[in-house]
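Please read the structure below before turning to the comments.
All values derive from a computational prediction rather than experimental measurement. Residue numbers start from 1 in every chain, and the chains themselves are labelled A, B, ... in the order their sequence lines are given, proteins ahead of strands. Atom set for the values below is all heavy atoms of this structure, side chains included, hydrogens, waters and symmetry mates excluded.
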Amino acid sequence: MAAQPSSDFVRMRLAEVLRDTILKLNPWSMMRNPVMLVVEIGTAITLWLTIVAPAGPDRAYDLLVTVILLFTVLFATFAESYAEARGRAQAAFLRKSRASARARVLKPDGSWEWRDGSELTQGTRIRIEAGDVVASDGVVLEGVGSMDESAITGESAPVIKGPGDSVTGGTVLLSDVLVVEITADPGSTFLDRMIALVEGAARQKTPNEIALTALLAVLTLIFVLVVVTLAPFARYYGPHAVSITTLVALLVCLIPTTIGGLLSAIGIAGMNRVAQINVVAKSGRAVEAAGDIDTLILDKTGTITIGNRMATEFLPVPGVSAEAVAEAALWASVADTTPEGRSVVELAQKVLGLTEVPAPTGEPVPFTAQTRMSGIDLADGRKIRKGAVSAILRVVEQPPPELEQMAEAVAREGGTPLAVAVDSQALGVIRLKDIVKPGLKERFQEFRAMGIRTVMATGDNRITAEVIAREAGVDEVVAEVDPEGKLALIQREQAEGRLVAMTGDGTNDAPALAQADVGLAMNSGTMAAKEAGNMLDLESNPTKLLDVIEVGKQLLITRGALTTFSIANDVAKYFAIIPAMFASVPLLHGLEALNIMHLKTPHGAILSALIFNALIIPALIPFAIRGVRYRPESADRMLLRNILNWGVVGVIVPFVGIWAIDHVLGLFGLA
Amino acid sequence: MSISTVATWAVVIGGLLICAKPLGLYLYRVFTFQPTILDRPLKPVEDLIFRAIHVSRESSMSAVEYGVSFMLTNLVWAVMAYVLLRTQGLWPFNPEHFGNLSAGLSFNTAASFVTNTNWQAYSGENTMSYFSQFAVLQFLQFVTPASGAAAGVAFVRAMAGRPLGNFFVDLTVFTTRVLLPLSVIFGLFFVAQGVPDTLLGYLHLHTLTGATQTVPRGPMAGWEAIEHLGQNGGGFTGANSANPLENPTALTNIAQSLAMGLVPVAFFYMFGRFTGRTRLAWTLMGVAGTLFLAMLAMIYFPEAAGNPIVNHLGLLGHANMEGKDLRFGLGGTAIFETSTMAFSTGSVVAAQDSFLPIPGLAFFLGMFLNMVFGATGVGLLNMVMFVILTIFLMGLMVGRTPEFLGKKIEAREVSLTAIAFLLHPLLILVGGAIAVSTSAGLAGVFNPGPHGLSEILYAFSSAAANNGSAMAGLNAALPFYEIAIGLVAIIGRYASIMVMLLVGESLLKKKAVPQTSGTMRTDTPLFGGILLGSIMILNALTFFPVMALGPLAEHYLLLAHHLFS
């Protein structure tokens with residue numbers, strides 16, 4: 001499902017979106033959104049006024065207001081339907097893989113029968129043969145086989161699964177036969193959760209969303225008060241000082257319809273953005289919590305570093321050239337297919353200026369736990385070996401004293417030394433190092449600017465850990481830590497009031513994953529880890545945690561920006577509507593001085609404000625769906641930038657917009 | 001602008017600034033029960049009181065206990081005041097032999113004084129006996145600001161992560177350690193300046209023209225001190241501080257302006273000291289101070305420019321001095337009026353009714369905001385209410401759950417704070433709307449046009465903000481206004497304090513989040529500016545329409561030289 005739903009997909013679903021747009025007008029479902037509910041009630045009132053009004057210009061005005069109000073509501077329901085449709089488009093990719101999932105359910109006697117995937121419950125044992133689609137999530141009991149997980153992860157390279165490994169529904173077994181015990185009931189597999197979340201079906205309001213909805217509801221109530229009491233205040237100047245239709249128009253302009261209309265779309269789109277980076281969040285709450293994270297606890301190996309040690313340098317003993325070491329190392333490694341071996345070959349190529357790797361001519365000697373070295377016996381009789389320094393020392397005669405010193409120096413600097421020997425002569429040392437993932441240091445810096453502390457927790461020894469910590473630029477390093485230590489570390493941070501995020505994949509990571517506020521489990525990990533975390537990365541990339549945090553922050557920023565924009569907009573609307581609405585009262589003619597936009601007619605002014613208020617909703621849908629632009633920086637800088645972008649601009653834009661709409665209306669004789 | 005205007009303003013504003021820190025630190029020591037120089041004379045007295053009511057300084061209450069103690073105590077005082085006013089004729093110290101007050105007026109006065117509003121639907125000099133003045137009303141002028149300040153202290157303690165404290169202890173200590181000593185100082189100063197302080201009856205003088213004039217007097221000097229120190233604002237006589245006996249000299253005018261603001265401003269500093277964030281306190285003081293200066297400018301400059309209609313006639317071409325006292329001039333009047341509206345006092349030195357519409361708008365601004373320092377404690381509560389709303393509205397834009405003082409602001413706090421914000425427009429707009437749509441309400445309006453509407457709105461704003469000043473021109477002695485104003489004052493006082501105490505307690509119970517560079521800082525000029533902006537926008541959105549129909553409409557009519565006959 002790696003792909004984002006294309007705009008074509010949404011276009012194909014247009015009918016569906018439009019249908020939902022209308023269906024969502026149901027006042028009952030509108031209860032969730034008090035702001036738009038008020039607009040809908042206002043629409044009903046003006047509609048009724050239109051019907052009972054005597055024919056004439058007032059009726060036309062009432063009708064126009066009603067139509068604009070209706071569109072205001074429709075734009076809001078459209079935004080939500082559109083966001084949901086995008087989610088459904090994403091979910092469809094997932095569903096496809098599940099459509100044909102049948103399972104060979106094992107009977108107690110060892111035979112099996114076909115059952116539908118939806119009948120599988122926890123504890124059921126199934127047999128999976130090559131070519132089968134895995135019908136549900138489970139754990140491998142017997143057998144080893146290669147699995148195509150591209151349907152879920154987008155990663156095409158097959159993954160080997162053996163006893164104890166977890167398998168995910170929707171993936172395909174490529175070879176061999178597996179016996180799997182199902183670990184999820186129907187409807188609760190990862191796939192189901194992901195579908196539910198992106199479709200918005202399982203969407204519950206997140207804590208911030210609840211708080212914001214409450215605030216918007218009270219603001220709306222205040223504006224209802226302002227407008228409802230304005231009627232008697234206006235009547236102080238005469239019984240017909242103000243029309244009900246105009247009061248409804250004022251109310252709708254004032255209540256925060258922009259954010260009210262887009263709030264749920266922002267939430268749905270936020271979940272979709274998480275899904276787009278191939279992370280399954282078990283709840284929206286977890287995504288929002290990601291934005292609040294104060295401390296990131298990261299593993300070293302595989303998370304901060306690439307995961308495999310890489311050769312970075314050849315160190316010859318005195319009297320030997322670096323090229324000689326490189327050549328020996330190259331021969332020793334040509335048959336070595338491990339990532340370490342590859343890295344030695346690559347480095348040797350670079351040192352020797354070779355573009356191609358010579359074919360191994362001779363007898364490769366594989367690595368064993370006893371010898372702790374590997375190499376090759378070349379056809380010309382030379383025996384070339386590389387391996388642990390102590391192992392090499394045992395086979396060489398008269399080891400140069402510098403060799404051990406060099407090895408110690410490498411270890412001291414956090415690397416791993418490998419010695420290289422030809423026959424019984426030790427030539428030098430290969431420096432193997434953990435390599436920090438490219439770009440990580442810069443990201444940690446960005447996170448620091450945002451006030452997020454990064455803590456590297458590793459089981460490695462202090463020296464190795466500190467070297468990597470320095471290179472990666474993490475804020476704190478905890479070395480020689482076991483899973484219990486990690487749990488204690490999380491609890492310590494939490495006791496100081498911090499929110500903690502971590503990644504993990506092993507069963508012994510499960511308690512820490514559960515304890516963390518955001519626990520991102522790896523899809524390649526054990527079922528225990530996957531169950532304990534509140535998010536799951538389908539691509540099993542621990543660095544993904546950083547992306548999740550950014551999505552969480554962007555979600556909050558988008559809500560804040562559109563709320564600020566919505567409220568800032570109201571200033572201009574007052575200047576448009578207040579002078580216009582009392583234009584018929586002689587005593588209040590002086591208020592025309594407030595008509596600083598020089599709107600032409602009273603009705604035109606009110607309609608312009610109302611049209612602007614409606615149009616701004618679809619105009620902001622792209623921001624709601626994509627999230628507002630976000631740059632990692634300190635809170636104060638971010639606040640300043642967003643206040644200018646959304647607050648100050650939010651005050652100015654409607655002045656221009658309403659003025660322009662008034663001029664367009666003038667062309668049609670409406671203003 | 002004359003030298004005397006500049007000097008008067010400089011002394012008042014400079015005095016407030018200079019006293020903020022030392023007095024704030026003193027308040028901090030008092031409410032953390034650290035030793036102060038007044039321990040020796042006062043501690044034994046306080047200990048006696050605490051023993052009598054069985055409380056200890058260290059005891060603490062929950063927000064509900066605190067609020068209920070506050071309200072019940074106030075209820076007892078209100079009933080006491082009501083009974084004593086209804087039976088005024090029975091009590092001594094009544095040289096002018098004033099009779100019992102009516103039920104409506106007694107309720108209105110009790111409600112108004114117990115809520116620290118001091119709205120007066122009567123004139124003291126022809127209604128109240130000396131006993132009613134000092135034993136009923138002046139007693140309330142001590143204990144009701146102390147109650148409000150106590151609630152403020154409890155809230156500040158909660159924000160500082162401490163237990164709320166005990167209402168009765170805070171009430172007692174604020175009275176003994178703050179109000180009484182300051183009252184002694186200011187009272188003696190007023191006596192020295194010529195303010196009468198006597199229990200003898202009114203003077204009956206024969207004027208040069210042979211007429212007989214009655215000069216009301218009484219125990220005034222002590223009254224003037226606590227009237228202003230406690231932001232009470234109820235005048236001993238109907239003319240309040242415009243009466244030359246209540247406010248005889250330019251120095252007493254300055255002293256009264258200063259007295260109103262001393263403790264509220266210092267209270268902001270105390271908040272900073274309690275929370276360990278004095279920069280935040282100065283930021284909030286900067287916001288309130290900016291609004292104070294804006295109000296001062298809105299009052300002074302239009303009045304100095306004069307009434308456009310009068311100017312047009314070429315008669316005077318000078319400042320609008322109608323209803324103002326020449327002793328204080330425009331400068332002294334403007335600073336007193338700004339203080340009384342900013343600090344929610346409600347005493348007046350000029351006729352509010354005679355100000356031009358734009359200064360009138362400034363009066364409204366002071367009451368709508370009710371946090372331009374405001375009354376001691378309560379003003380800070382309102383300020384923090386706006387801080388929390390601003391943080392929540394804008395704070396999301398930094399990509400974190402908004403937090404204040406390290407505490408996350410979530411649905412409960414936002415809802416409660418929003419309700420506290422809602423109360424004010426609810427009381428003013430609904431109260432005013434009922435008044436303008438009922439014959440009972442319209443019966444009190446003397447002035448036609450927008451000014452009449454402003455007068456009604458002013459009455460309800462004054463009650464809701466517990467300010468207590470009146471625009472006059474409205475007959476507030478009608479039963480409708482006596483009861484409506486009393487009710488609005490009560491709800492405006494207790495509901496918002498109770499809600500904010502709950503907010504404080506709710507934040508207190510949360511775990512503090514350490515501050516990082518990802519935290520939105522509230523102690524910066526940037527936040528001060530944002531806070532100021534959102535305060536203005538939130539209030540403009542709420543009150544702009546009625547202001548357009550009232551003062552703004554009047555302003556434009558004045559510019560158009562429109563006269564009402």
Legend entry - Exercise: do A:Gln515 and A:Gln494 side chains pair donor with acceptor under 3.5 Å: yes
Legend entry - Options A:Pro207, A:Ala214, A:Ala495, A:Ala449, ranked by heavy-atom pairs under 4.5 Å with chain B, top entry: A:Ala449
Inset, instruction - Indicate yes or no: at least one non-hydrogen side-chain atom of B:Val387 is less than 4.5 angstrom from one of B:Phe527. - result: yes
Inset, instruction - Would you indicate whether the side-chain heavy atoms of B:Thr401 and B:Ile409 approach each other to under 4.5 Å? - result: no
Inset, instruction - Compare all side-chain heavy atoms of B:Lys408 with those of A:Asp292 and state whether any distance is below 4.5 angstrom. - result: yes
Inset, instruction - May I ask you to name which of A:Thr563, A:Leu640, A:Ile210 has the most heavy-atom pairs under 4.5 Å with chain B? - result: A:Leu640
Legend entry - B:Val445 vs A:Tyr236 side-chain heavy atoms within contact, under 4.5 Å: yes
Inset, instruction - Assign the ring pair B:Phe543 / B:His424 to parallel, tilted or perpendicular, where the plane angle (0 to 90°) is split at 30° and 60°. - result: perpendicular
Inset, instruction - Report the relative orientation of the aromatic rings in B:Phe386 and B:Phe421; use parallel for angles under 30°, tilted for 30 to 60°, perpendicular for over 60°. - result: perpendicular
Legend entry - Contacting region of B:Leu422 [heavy-atom separation from chain A under 4.5 Å]: both
Legend entry - B:Thr390 versus B:Ser534, side-chain donor and acceptor atoms under 3.5 Å: yes
Inset, instruction - Go through A:Ala289, A:Gly291, A:Gly552, A:Pro579 and name the one with the most non-hydrogen pairs under 4.5 angstrom from chain B. - result: A:Gly291
Inset, instruction - Measure distances from A:Arg498 to the heavy atoms of chain B and classify the residue's part below 4.5 Å as side chain, backbone, both or neither. - result: both
Inset, instruction - Heavy-atom distances under 4.5 Å only: say whether B:Leu426 touches chain A with side chain, backbone, both or neither. - result: both
Legend entry - Toward chain A, the part of B:Thr519 with a non-hydrogen atom under 4.5 Å: backbone
Inset, instruction - Measure A:Tyr237 against the heavy atoms of chain B and call it side chain, backbone, both or neither at under 4.5 Å. - result: side chain
Legend entry - For chain B, the option from A:Leu556, A:Leu219, A:Val228 that forms the most heavy-atom pairs under 4.5 Å: A:Leu556
Inset, instruction - Look at A:Met638, A:Met450, A:Glu592 and state which one has the largest set of heavy-atom pairs under 4.5 Å with chain B. - result: A:Met450
Inset, instruction - Below 4.5 Å from any heavy atom of chain B, which atoms of A:Ser634 appear? Answer side chain, backbone, both or neither. - result: both
Inset, instruction - Inspect the surroundings of CZ in A:Arg492 and state if more than 12 heavy atoms from other residues, nucleotides or ligands are less than 6.0 Å away. - result: yes
Legend entry - Inter-chain contacts: residues 456-464 of chain B against chain A, heavy atoms under 4.5 Å: B:Leu457
Inset, instruction - Quick one: which of A:Val218, A:Asn208, A:Asp570 has the most heavy-atom pairs under 4.5 Å with chain B, could you say? - result: A:Asn208
Inset, instruction - Please indicate whether A:Phe623 has more than 12 foreign heavy atoms, meaning atoms of other residues, nucleotides or ligands, lying under 6.0 Å from its CZ. - result: no
